[in-house]
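Sequential numbering from 1 along the given sequence is applied to the chain's residues.
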Amino acid sequence: DKGTLFQDEIGDLSLGLQSKLLQVIQDRSFEPIGSNEPVRVNVRFIAATNRNLEDMVADGRFRSDLYYRLNVIHLHTPPLRERRQDINLLVQFFLEKYNRVFNTHIRDISREVRETFLDHPWPGNVRELENVIERAINFARGKIIEKRDLPHYLREKPQYDHLRQRHSPKKQLLKPS
């Protein structure tokens, strides 16, 4: 109670699950599996997607009543490729996080890695960057992440140039009342 339920990739839910989620949002209750007694909840619902829910509603792939119930506050978060100024801050955050997790002492990334990160189109967005940092920390031989510590596709620039042309849909955050 009094928490937040974050539903990532809401656009991937089947129509059946959309119906159940709508019922929970409207009634503020649900029946746990194996129970006949409803459980009351007082939570805030936040949903995110990289799909165009308006198009999905028009095509009948997303319930309009759930869409309007969720779309009380709409926040647009641009993809990482459109906010490259955040990359250095995110790198530092993930370095600190994974240094704690793995009990390592990686201080920074090399200039060459920084240039690679700023040049990469990040089709996997922030999750991809986090995964790359986690991997690099595991492969790092010193206190600085070098290009050799990166996944192959980042070390071989020509292999990811084609990704720069691809425009993935924008992630949307929806917060219901």
Side-chain angles (χ1 to χ4, degrees), residues 1-102 117-118 120-135 137 151 153 160 162-177:
D1 267 357
K2 297 185 180 178
T4 299
L5 176 65
F6 176 63
Q7 176 64 55
D8 198 10
E9 301 304 341
I10 191 89
D12 293 342
L13 285 181
S14 69
L15 288 170
L17 286 176
Q18 291 174 34
S19 176
K20 292 178 189 289
L21 180 59
L22 178 63
Q23 185 175 3
V24 171
I25 292 171
Q26 287 180 179
D27 299 343
R28 299 278 182 196
S29 68
F30 68 95
E31 268 186 36
I33 294 175
S35 173
N36 295 328
E37 297 295 318
V39 174
R40 304 274 312 148
V41 291
N42 179 14
V43 295
R44 171 181 46 202
F45 290 89
I46 298 176
T49 187
N50 62 2
R51 296 178 183 250
N52 186 325
L53 293 182
E54 290 173 341
D55 288 349
M56 291 180 71
V57 167
D59 294 345
R61 294 178 290 132
F62 197 85
R63 294 179 57 111
S64 62
D65 48 0
L66 178 58
Y67 173 77
Y68 291 114
R69 193 70 158 135
L70 290 171
N71 198 17
V72 174
I73 298 173
H74 179 231
L75 302 172
H76 169 70
T77 304
L80 189 54
R81 71 176 170 274
E82 292 178 14
R83 50 191 176 94
R84 296 193 185 281
Q85 71 277 8
D86 292 350
I87 290 174
N88 288 328
L89 184 62
L90 287 166
V91 164
Q92 284 310 124
F93 174 79
F94 292 134
L95 283 176
E96 290 171 16
K97 175 182 178 178
Y98 288 106
N99 273 328
R100 281 191 307 273
V101 168
F102 300 128
F117 284 1
L118 292 173
H120 184 61
W122 298 106
N125 230 324
V126 175
R127 288 183 183 135
E128 180 185 5
L129 175 62
E130 180 176 8
N131 179 277
V132 166
I133 295 294
E134 180 180 6
R135 179 201 189 278
I137 284 178
Y153 72 93
Y160 69 82
H162 70 284
L163 296 174
R164 206 175 315 287
Q165 305 303 319
R166 190 167 64 187
H167 297 286
S168 61
K170 295 177 177 153
K171 177 95 39 168
Q172 301 175 35
L173 290 174
L174 304 173
K175 183 178 173 186
S177 59

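Here the CD1-CD distance, from Ile133 to Gln92, works out to 8.5 Å after rounding to the nearest 0.5 Å. The structure places CG of Asp59 at 6.5 Å from CG of Asp55, a figure rounded to the nearest 0.5 Å. Atom-to-atom distance recorded for Ile10:CD1 and Asn50:CG is 12.5 Å, nearest 0.5 angstrom. Taken from CG in Leu22 to CZ in Phe45, the straight-line distance is 10.0 Å, to the nearest 0.5 Å. Distance check: Gln85 CD to Leu90 CG gives 10.0 Å after rounding to the nearest 0.5 Å. Rounded to the nearest 0.5 angstrom, Lys20 NZ and Ser14 OG are separated by 9.0 Å.
Residues Pro78 and Arg83 share a closest heavy-atom pair of O-NE, 2.7 Å. Shown here for Pro151 and Arg135, the closest heavy-atom pair between the two residues is CG-CD, 3.6 Å. For the pair Leu118 and Arg84, the tightest heavy-atom approach, listed with the atom from each and the gap, is O-NH1, 3.0 Å. For the residue pair Arg40 and Asp27, the shortest heavy atom distance occurs at NH1-O, 2.7 Å. The heavy-atom pair separating Ala47 from Leu70 by the smallest distance is CB-CD1, 4.2 Å. Minimum interatomic distance between Gly11 and Thr49 (heavy atoms only, all atoms of both residues): N-OG1, 3.6 Å.
A side-chain contact (heavy atoms from CB on, under 4.5 Å) with Phe94 is found for exactly one of Val132, Val126, Ile137, namely Val126.
A distance-only check finds no donor-acceptor pair linking the side chain of Arg61 to the backbone of Leu15 [under 3.5 Å]. The backbone N or O of Leu80 sits less than 3.5 Å from a side-chain atom of Asn125, completing a donor-acceptor pair. A donor-acceptor pair under 3.5 Å is formed between the side chain of Trp122 and the backbone N or O of Phe117. Gln18 contributes a side-chain N or O that, together with a main-chain N or O of Leu13, makes up a donor-acceptor pair within less than 3.5 Å.
A 4.5 Å side-chain heavy-atom check between Ile25 and Leu66 finds at least one atom pair inside the cut-off.
Aromatic ring pairs are classed by plane angle as parallel below 30°, tilted from 30° to 60° and perpendicular above 60°; the pair His120 and Tyr153 is tilted.
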Yes or no on side chain to side chain contact (heavy atoms under 4.5 Å, CB included) for Glu130 and Tyr98, after CA distance, side-chain angles and deciding distance? CA-CA 9 Å; Glu130 180 176 8; Tyr98 288 106; 2.6 Å; yes
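Applying the 6.0 Å contact sphere to CZ of Phe102 captures more than 12 heavy atoms from other residues, nucleotides or ligands.
A salt bridge links Asp12 with Arg51: the distance from a Lys NZ or Arg NE/NH1/NH2 to an Asp or Glu carboxylate oxygen falls below 4.0 Å.
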